[in-house]
Amino acid sequence: INAEYMGLETMEKIKLYTYDTYLFLKSWFSSPKQMGTLFPSSGKTSVKIAGLIKDAKNMKVVELGAGTGQVTEKILEQGVNPNNFATVEYDPMFCKELRKKFPTIPTILNIDAADILEHLPEKFLGKTDYLISTLPLLMFGPEKAKEIVDSIFKVLKPNGVYIQVTLSMFQPKYIEELGLKATKICISWINVPPMHVWRLCKKTCLLYTSDAADDTPCVDLGGRRIIQTK
């Protein structure tokens with residue numbers, strides 16, 4: 001019985017992934033620049049990305065470029081409270097599917113990621129712990145990419161984590177121009193093409209509290225403060 005159950009469960013997953021792939025291909029042919037890839041994230045890649053969220057049940061999370069919900073599903077499985085989770089998707093067809101798949105998530109927005117500051121609920125603005133983006137920023141052009149990244153850091157709390165999934169092996173030039181530091185977390189060779197997972201943060205320097213007795217915006221780290229450089 002268990003073997004039969006596992007077989008049915010596996011077949012159901014294959015059907016769902018096949019349908020998701022069909023939706024991806026359909027959307028890609030109509031708007032390739034918005035997609036960036038021909039296929040949705042694999043299950044293993046999605047698990048890796050969602051696994052970066054620590055203490056998930058107490059975290060506020062925003063996802064940009066949810067697609068068909070491969071990563072969305074794993075974020076929920078990680079333990080994130082749906083009420084503390086907002087997901088953004090530009091494609092109306094994908095957004096419709098997301099609302100069917102995840103009825104417990106109240107904030108599923110069919111908007112351009114550049115407009116998140118206008119549409120995200122107040123509780124996420126400057127208060128988000130993790131922002132996970134699978135947006136094809138390299139295809140948007142440098143100006144729009146900068147606009148989106150700037151908005152992302154306004155959504156995140158001062159010590160929030162920005163995870164960017166991209167097809168690029170190297171960090172884009174605009175990352176340096178924005179005063180950001182990019183650290184590659186992992187590569188998923190399972191995806192077609194392979195996906196590179198980066199953690200982006202504002203360049204910082206560490207100073208002892210006694211050395212930083214001023215009004216500079218910072219994060220208290222138990223005796224030390226992180227001072228953001230400009």
How long is the span from the [atom1] atom in [X] to the [atom2] atom in [Y], to the nearest 0.5 Å?
X      : Y      : atom1 : atom2 : answer
Ile49  : Gln78  : CD1   : CD    : 12.0 Å
Ile163 : Ile53  : CD1   : CD1   : 8.5 Å
Gln164 : Ile148 : CD    : CD1   : 9.0 Å
Ser151 : Leu117 : OG    : CG    : 4.0 Å
Leu131 : Phe124 : CG    : CZ    : 10.5 Å

Please confirm whether the backbone N or O of [Y] pairs with a side-chain atom of [X], one donor and one acceptor, at under 3.5 Å?
X      : Y      : value
Asp129 : Lys60  : yes
Asn110 : Tyr90  : yes
Lys123 : Leu120 : no
Glu77  : Thr72  : no
Thr87  : Ala66  : no
Lys101 : Thr68  : yes
Glu89  : Asp91  : yes
Arg99  : Ile108 : yes
Thr128 : Tyr130 : no

TODO: Please assess Ser133 against Tyr162 for the test side chain to side chain contact (heavy atoms under 4.5 Å, CB included), listing each intermediate value before the final yes or no.
DONE: CA-CA 8 Å; Ser133 166; Tyr162 169 24; 4.0 Å; yes
- [ ] Considering only NZ, NE, NH1 and NH2 on the basic side and carboxylate oxygens on the acidic side, decide whether Asp150 and Lys154 come within less than 4.0 Å.
- [x]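 Yes, charged N to carboxylate O under 4.0 Å.
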Can you name the nearest heavy-atom pair linking [X] to [Y], along with the distance?
X      : Y      : result
Leu64  : Ala113 : CD1-CB, 4.4 Å
Val197 : Val165 : CG2-CG2, 4.4 Å
Asn83  : Pro106 : OD1-CG, 3.6 Å
Met59  : Val80  : O-CG1, 4.2 Å
Leu109 : His119 : CD1-O, 3.8 Å
Trp198 : Ala182 : CE3-CB, 3.6 Å

So do [Y] and [X] actually touch side chain to side chain, heavy atoms under 4.5 Å?
X      : Y      : answer
Asp115 : Glu118 : yes
Thr45  : Lys48  : no
Ile152 : Glu147 : no

Task: Test applied, side-chain contact (heavy atoms from CB on, under 4.5 Å); reference residue, Leu52; option that passes from Ile75, Ile185, Ile132 - done: Ile185
- [ ] Identify, with sequence neighbours excluded, every residue that meets side-chain hydrogen bond (donor to acceptor under 3.5 Å, both in side chains) alongside Lys181.
- [x]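 Partners of Lys181 by the side-chain hydrogen bond (donor to acceptor under 3.5 Å, both in side chains) criterion come out as none, since no residue qualifies.
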Open item on the list: Regarding Ser46 and Gln70, do their side chains bring together a donor and an acceptor under 3.5 Å, going by distance alone?
Closed with: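 Not at all, the side chains of Ser46 and Gln70 share no donor-acceptor pair under 3.5 Å.
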- [ ] Tell me, with the steps shown, if Phe85 and Thr107 meet side chain to side chain contact (heavy atoms under 4.5 Å, CB included).
- [x] CA-CA 7 Å; Phe85 184 24; Thr107 309; over 6 Å; no
Open item on the list: Evaluate Met195 against Ile187 for side chain to side chain contact (heavy atoms under 4.5 Å, CB included), listing each step before the verdict.
Closed with: CA-CA 6 Å; Met195 285 188 170; Ile187 303 173; over 6 Å; no
Open item on the list: If you count every heavy atom of other residues, nucleotides or ligands that lies below 6.0 Å from Lys184 atom NZ, does the total exceed 12?
Closed with: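 Yes, because the 6.0 Å sphere around NZ of Lys184 holds more than 12 heavy atoms from other groups.
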Task: Residue pair Lys146, Glu143: steps toward the side chain to side chain contact (heavy atoms under 4.5 Å, CB included) verdict - done: CA-CA 5 Å; Lys146 289 176 186 177; Glu143 290 305 315; 4.3 Å; yes
